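Inspection log for the structure reproduced underneath, given as structure tokens.
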Amino acid sequence: MKQIRLRSLLTPAFLLSIAPALTWAAPQPLTVSSEGSKVDFLAVGHPSLLKIHGESESQVTGQAYLDKKTNTVSGEFEFPLGTLKTGIEKRDEHMKDRYLQVAQFPKAVLKISDAHTEGPFIGQLTLHGKTLPVSGTLSMTGPLGHAEFKLKLHDFDIEIPKFAGITVADEV
């Protein structure tokens with residue numbers, strides 16, 4: 001009885017319906033190299049005359065996958081927050097110790113799932129012990145990828161930096 005059912009399932013129509021699944025290829029793994037990678041941020045102060053640009057090079061690690069059939073990318077990217085620099089040593093110390101609390105929360109993690117290789121994306125950002133959705137733009141050209149998004153410090157329970165009458169805007 002089981003053999004008859006199996007034979008009835010393997011009709012030409014059934015085989016045609018599963019053929020695409022049989023030829024489906026797994027997403028291609030992409031190498032995420034910390035060499036040449038860069039993370040940067042821009043925080044604007046109030047009054048807006050102050051612009052704080054922070055960056056760190058060669059620190060992003062993770063794993064990404066490209067599905068050429070759907071032209072989508074998924075991945076998880078980690079970044080050690082203690083490597084960020086703004087160009088002023090004392091400000092860096094405050095940023096890392098008081099605001100980001102890198103001893104307790106040493107890294108940020110961005111997860112992207114099924115985002116097109118060009119255009120908007122929605123992901124999950126883990127920062128300061130909280131994981132929240134973020135949205136931005138993604139661009140993958142050849143071997144290079146670039147993601148850009150905004151976040152609100154208060155959403156991640158990060159105190160808004162203040163010094164000498166200048167307050168950093170909540171959105172970074």
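Everything quoted here is computed from the prediction, not taken from an experiment. Residues take their numbers from the sequence shown, with the count starting at 1. Side-chain atoms are counted along with the backbone in the values below, which use heavy atoms only and exclude waters and symmetry mates.
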side-chain contact (heavy atoms from CB on, under 4.5 Å) for Thr167 and Ile160? Distances and angles first, verdict last. CA-CA 7 Å; Thr167 302; Ile160 305 297; 3.5 Å; yes

Stepwise side-chain contact (heavy atoms from CB on, under 4.5 Å) check, Leu50 with Val44: CA-CA 6 Å; Leu50 176 69; Val44 178; over 6 Å; no

Could you go step by step and tell me if Phe41 and Met95 meet the side-chain contact (heavy atoms from CB on, under 4.5 Å) rule? CA-CA 12 Å; Phe41 71 87; Met95 174 183 62; 3.7 Å; yes

Evaluate the criterion side-chain contact (heavy atoms from CB on, under 4.5 Å) for residue pair Val109 and Leu125; output intermediate values, then yes/no. CA-CA 6 Å; Val109 178; Leu125 178 67; over 6 Å; no

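Between the side chain of Asp92 and the backbone N or O of Thr86 there is at least one donor-acceptor pair closer than 3.5 Å. Without hydrogens or angle criteria, Glu118 side chain to Met140 main chain gives a donor-acceptor distance under 3.5 Å. Judged by distance alone, with hydrogens and angles left aside, the side-chain atoms of Lys107 form no donor-acceptor pair with the main-chain N or O of Thr126 at under 3.5 Å. In terms of modelled atom types and a separation under 3.5 Å, the side chain of Asp170 and the main chain of Leu153 share a donor-acceptor contact. Listed for the His128 side chain is a donor-acceptor partner under 3.5 Å among the backbone atoms of Phe156. Between the side chain of Ser37 and the backbone N or O of Val60 there is at least one donor-acceptor pair closer than 3.5 Å.
For the pair Phe121 and Ala147, the tightest heavy-atom approach, listed with the atom from each and the gap, is CE2-CB, 4.1 Å. Listed here is the closest heavy atom pair of Leu138 and Ala115: CD2-CB, 3.9 Å. The two residues Ala43 and Val172 come nearest to each other via the heavy atoms CB-CG2, 4.3 Å. When all heavy atoms are compared, the tightest approach of Leu100 to Ile158 is CD2-CD1, 4.0 Å.
Taking CG of Leu110 as the start and CD1 of Ile112 as the end, the distance is 4.5 Å to the nearest 0.5 Å. Separation of atoms NE2 (His94) and CD1 (Ile88) is listed at 11.5 Å; rounding is to 0.5 Å. Atom OG in Ser56 sits 5.5 Å away from atom CG in Leu84 (nearest 0.5 Å). Within the model, atoms CD of Glu55 and NZ of Lys38 stand 4.5 Å from one another, a figure rounded to the nearest 0.5 Å. Taken to the nearest 0.5 Å, the CG atom of Leu132 stands 7.5 Å off from the CD atom of Gln124. Rounding to the nearest 0.5 angstrom, the gap separating the NE2 atom in His53 from the NZ atom in Lys85 is 14.5 Å.
Salt-bridge formation is detected for the pair Asp157/Lys130: a Lys NZ or Arg NE/NH1/NH2 atom is positioned less than 4.0 Å from an Asp or Glu carboxylate oxygen. Under 4.0 Å is where a charged nitrogen must lie from a carboxylate oxygen, and between Glu159 and Arg98 at least one such pair does.
Val73 and Tyr65 are assigned to two separate hydrophobic clusters, defined by single-linkage of ILVMFWY side chains at heavy-atom distances under 4.5 Å. Both Phe79 and Val102 belong to a common hydrophobic cluster when Ile, Leu, Val, Met, Phe, Trp and Tyr are linked at side-chain heavy-atom distances under 4.5 angstrom.
Summarising the local packing, NE2 of His116 is surrounded by 12 or fewer heavy atoms from other residues, nucleotides or ligands at distances under 6.0 Å.
A donor-acceptor pair shorter than 3.5 Å can be found between the side chains of Asn71 and Thr117.
Applying the side-chain contact (heavy atoms from CB on, under 4.5 Å) test to Ile122 and every residue at least two apart in sequence or in another chain returns Ser135.
By the 4.5 Å heavy-atom criterion applied to side chains, Lys68 and Gln28 are counted as neighbours.
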